[in-house]
Amino acid sequence: MLLLREISKVMNKEKLNKLRSKITIPLAEALALLKQYDENIERCIQAYHDENIRKISEEIGCDERKAQLYYQKFGFDMQKIQYQHNKNSHIPCIILKYGERIDIYPRVGFTILAEDINYNENISSDYQQYFAYLEDCDEVLPIIKSLYPIYNHRFNKIEKDFDVCSKSNYFEHSTIHKLVDQLKGKANNSDSQELSDFIYSLIACLEQQMKFGHYVVIAGNL
């Protein structure tokens with residue numbers, strides 16, 4: 001009954017329907033927004049998104065600029081964002097160390113993931129992510145870039161170059177096998193034991209991720 005009274009206070013019922021057609025929002029929240037912003041649809045929508053971005057920022061622990069990017073990436077779907085955050089929070093991440101490297105924050109470099117044919121990350125109990133620092137990959141990046149151009153199945157397009165800023169560098173097993181062969185050649189011809197050890201740890205990581213996914217993803221966070 002209280003809800004019906006609130007609806008009766010909204011002078012233009014069409015605006016209520018229009019607001020709920022543009023954003024997925026419970027009736028009570030829609031009514032509250034319309035009341036707060038004098039039934040201005042655009043202001044209601046902006047306030048709704050601003051509040052969601054604020055919630056993401058608090059829950060994930062990032063600034064609002066990053067929260068906004070995360071929000072857009074998942075199509076403004078708060079349930080998807082919460083699911084992804086909870087899932088990732090429980091996935092262990094192994095650092096590939098070059099020599100006596102100390103783990104530092106924020107980590108700048110590449111996370112190596114495994115995704116299935118539907119582009120969902122593996123969530124099995126024995127799955128783990130791997131991370132390599134950008135500065136440790138100076139000798140590796142030219143090898144990765146030499147594999148391009150590559151057809152990106154997820155986005156149905158030819159990628160001309162490896163994007164160090166992208167989280168969407170997808171590799172099929174056949175490409176990873178080529179990469180592993182070239183990395184082995186680099187490691188075996190290196191005069192640096194530290195570099196050789198790092199490359200072989202990277203190779204082990206790539207081979208492990210092929211067991212867990214149809215695609216291996218090398219996601220940069222620059």
Student check: side-chain heavy atoms of [X] and [Y] closer than 4.5 Å:
X	Y	value
Asp197	Gln193	yes
Ile45	Tyr37	no
Leu27	Leu16	yes
Phe171	Ile144	yes
Asn120	Asn118	yes
Ile112	Leu202	yes
Val140	Lys186	no

Kindly say whether [Y] contributes a backbone atom to a donor-acceptor pair with the side chain of [X] at under 3.5 angstrom?
X	Y	answer
Tyr48	Thr24	yes
His173	Gly213	yes
Ser146	Ile143	yes

With rounding to the nearest 0.5 angstrom, report the [atom1] to [atom2] distance, [X] to [Y].
X	Y	atom1	atom2	result
Ile199	Leu206	CD1	CG	11.5 Å
Leu195	Asp138	CG	CG	10.0 Å
Ile41	Leu34	CD1	CG	5.5 Å
Asp163	Asn152	CG	CG	11.0 Å
Phe162	Leu141	CZ	CG	6.0 Å
Cys44	Glu29	SG	CD	12.0 Å

Grab the two heavy atoms, one from [X] and one from [Y], that are nearest each other, plus how far apart they are.
X	Y	value
Tyr119	Glu115	O-OE1, 3.1 Å
Ala30	Arg20	CB-CG, 3.9 Å
Phe110	Cys137	CD1-SG, 4.0 Å
Asp136	Phe198	O-CE2, 3.3 Å
Ser192	Ser190	N-OG, 3.0 Å
Tyr71	Asn52	OH-ND2, 2.9 Å

Any side-chain donor-acceptor pair under 3.5 Å between Arg154 and Tyr170?
-> yes
Report the C-alpha separation of Asp126 and Phe212 in whole Å, then their side-chain angles, then the decisive distance to 0.1 Å, and conclude whether the side chain to side chain contact (heavy atoms under 4.5 Å, CB included) test is met.
-> CA-CA 9 Å; Asp126 51 348; Phe212 283 107; 3.6 Å; yes
Under 4.5 Å between side-chain heavy atoms, hopping through other hydrophobics if needed: is there a path connecting Tyr151 to Leu147?
-> no
Taken in chain and number order and not counting sequence neighbours, the residues that satisfy side chain to side chain contact (heavy atoms under 4.5 Å, CB included) with Lys157 are Phe155, Glu159
Check against side chain to side chain contact (heavy atoms under 4.5 Å, CB included), Ile25 and Leu33 = CA-CA 10 Å; Ile25 185 172; Leu33 283 173; 3.5 Å; yes
Pairwise side-chain hydrogen bond (donor to acceptor under 3.5 Å, both in side chains) hits with a residue in residues 199-222, at least two apart = Asn188-Tyr200
